[in-house]
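Have a look at the structure below before the remarks.
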Amino acid sequence: MSRLHRLSGNDSFFLLSETPDQPMHYVTLLALGPEERPGSKPAQLSLDELSDFLRDRLHLVPALRWRIKPVPMGLGHPVAFDDPDFDLTHHIAQASVADPGGRAELDALVARVAEWPLDRSRPLWRLALVSGLAGGSQVLLLQVHHALMDGAAALNVASVLFSESTPAPPAEPAAKPGKAPGSLRLVVGAIGNGTRKNFRFPGLLWRSVRGGLRVRARQKAGAIRIPLPGKDTPACVINCPPGRGRCFARGYLPLADVKAVKDAAGATVNDVALALCAGALRDYLEARGQLPQRPLIAAIPVGIDTTDHSRGWGNRWSGLATTLATDVADPWERLGRITAVTRESKHQLGLMGVTLLEQWVDFFPPFLAASAVAKERRDAADPNHVRFNLALSNLRRPGEPLVISVPAGRWQIGDVFFTAVPANRQGLSIVCMDQGDQLTFGVFSTADAMDDPTEFVAGLHRALAELVKAMGALAGAGDRSL
């Protein structure tokens with residue numbers, strides 16, 4: 001009999017929210033760099049070599065063999081179980097970029113892959129080995145459904161799969177997975193799980209009331225006002241219904257400059273990243289005469305288990321709202337506004353309880369949560385009802401090297417870029433990542449919201465240059481304060 005792993009409410013949300021025009025998976029780009037061999041062309045990793053490498057390590061990441069099955073009538077969150085028909089060949093493929101194989105062609109391929117839905121009758125991931133790039137290099141494109149794991153878990157998985165250490169063999173020979181669970185087992189398990197949750201409801205309700213009172217007291221004491229999603233969010237051209245077209249672009253910024261601005265402003269790297277995005281968006285929208293008078297509002301996922309590097313599946317995050325202060329012309333003043341509001345939003349989230357949203361989402365079974373998702377879709381049809389203008393996630397790359405080592409050669413994984421999932425009218429999602437010496441940005445949009453994100457990426461460079469210049473001017477005046 002297959003062991004069942006019940007998805008959380010956060011996991012289940014991504015399954016409920018998926019539509020043909022709004023696939024709820026992300027794509028991770030991993031650049032491969034072969035060891036240099038003097039006098040020879042760069043070696044090419046073959047699909048067979050990649051398959052053998054992964055086959056030897058899959059036992060280290062059980063979630064990659066899990067298939068997800070819903071509970072009848074939505075009585076409980078779906079379950080994951082070892083797929084008795086798992087076949088690695090269904091999950092890896094060869095791909096090639098169009099000529100001339102440059103950056104634009106690769107980014108276009110990432111965007112197209114993000115449009116391809118994952119087959120729910122199999123484990124929800126797919127990996128493509130991409131060749132045809134200029135100079136003979138290769139990349140991997142890893143497509144993972146958000147219901148299976150979030151970005152933090154995906155990075156944990158990458159650090160295990162692509163570790164330099166030799167994988168330990170399974171503790172015991174793997175038993176053949178049992179057949180998929182039947183409806184009766186799923187229903188009985190869901191009822192039992194729901195009953196146990198009901199016993200925890202009074203405590204959840206009390207923590208919610210207590211947290212709400214703390215936040216209300218903080219607000220009455222004159223705390224900085226946090227924008228209210230949906231109420232304070234302005235209508236904007238980047239917020240449009242999801243379509244099938246997607247666009248992707250990458251940006252690289254020197255982390256030393258970002259940290260210098262951070263230190264001078266008394267901010268965080270995430271605050272500076274928000275200010276950079278705000279500056280780039282302000283330029284982008286002003287050039288089109290589409291800059292709203294009210295400041296844009298950003299959704300910021302907040303990881304709950306950022307110190308747990310062993311989690312290999314699931315979603316553990318909450319979220320907060322903050323301003324992008326796009327109504328402020330001065331870049332240094334804009335950074336100060338963003339820093340103050342974001343700091344206060346984090347403080348109020350702490351008062352409320354960082355795990356509270358996760359617990360409430362988990363409490364409601366899919367047959368009830370589906371009505372909330374349907375309402376959100378109806379609201380998204382109204383251009384004046386936008387919860388957030390965009391989302392920005394901040395991830396940290398694993399510190400240890402990521403490598404693929406096979407008998408024919410060794411490839412080190414260099415840059416790593418994530419796409420994020422644009423949902424409803426949120427047509428722009430950005431993932432920034434600390435990669436040691438640089439802060440990288442993966443900019444993902446629906447084509448109707450932003451058809452050329454490379455223009456936005458260029459704006460990130462200008463925004464950083466403006467902040468560095470403002471920092472220098474303040475230092476020269478002997479005033480480094482905000």
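Reckoned from all heavy atoms, side chains included, excluding hydrogens, waters and symmetry mates. By convention here, the first residue in the shown sequence is residue 1.
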Between [Y] and [X], is there a side-chain donor-acceptor contact under 3.5 Å, judged purely by atom types and distance?
X: Arg122; Y: His90; answer: yes
X: Arg214; Y: Gln348; answer: no
X: Ser121; Y: Asp119; answer: yes
X: Glu358; Y: Ser318; answer: no
X: Asp452; Y: Thr454; answer: yes

Using a strict 4.0 Å threshold on nitrogen-to-oxygen distance, state whether [X] and [Y] make a salt bridge.
X: Asp415; Y: Arg250; answer: no
X: Arg218; Y: Glu344; answer: yes
X: Asp83; Y: Arg65; answer: no
X: Asp150; Y: Arg311; answer: yes
X: Arg343; Y: Asp271; answer: no

Quiz item: So Trp360 and Phe363, would you call those rings parallel, tilted or perpendicular, with 30° and 60° as cut-offs?
Solution: perpendicular
Exercise. For side-chain hydrogen bond (donor to acceptor under 3.5 Å, both in side chains), just list the numbers for Arg200 and Gln359, CA-CA rounded to whole Å, side-chain angles, deciding distance to a tenth of an Å, and then say yes or no.
Key: CA-CA 10 Å; Arg200 297 196 295 269; Gln359 292 169 19; over 6 Å; no
Quiz item: Hey, does the side chain of Asn239 reach the backbone of Arg425 with a donor-acceptor pair shorter than 3.5 angstrom?
Solution: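 Checked: pair present.
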Quiz prompt | Main-chain N/O of Thr326 paired with Arg282 side-chain donor or acceptor, under 3.5 Å | solution = yes
Exercise. Show your reasoning for whether ring-ring contact (aromatic ring centres under 6.0 Å, His included) applies to Tyr252 and Phe417.
Key: CA-CA 10 Å; Tyr252 305 75; Phe417 290 91; 5.3 Å; yes
Quiz item: When the ring centroid of His91 is compared with that of Trp125, is the distance short of 6.0 Å?
Solution: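 Ring centroids of His91 and Trp125 are less than 6.0 Å from each other.
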Practice problem: Would you please indicate yes or no on a ring centroid separation below 6.0 angstrom for His145 and Phe14? | Solution: no
Self-check item: Full working for side chain to side chain contact (heavy atoms under 4.5 Å, CB included) between Val416 and Phe418
Solution: CA-CA 7 Å; Val416 178; Phe418 273 78; 4.2 Å; yes
Quiz prompt | Test applied, side chain to side chain contact (heavy atoms under 4.5 Å, CB included); reference residue, Val130; option that passes from Leu30, Val139, Leu29 | solution =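 Per the side chain to side chain contact (heavy atoms under 4.5 Å, CB included) rule, the option paired with Val130 is Val139, out of Leu30, Val139, Leu29.
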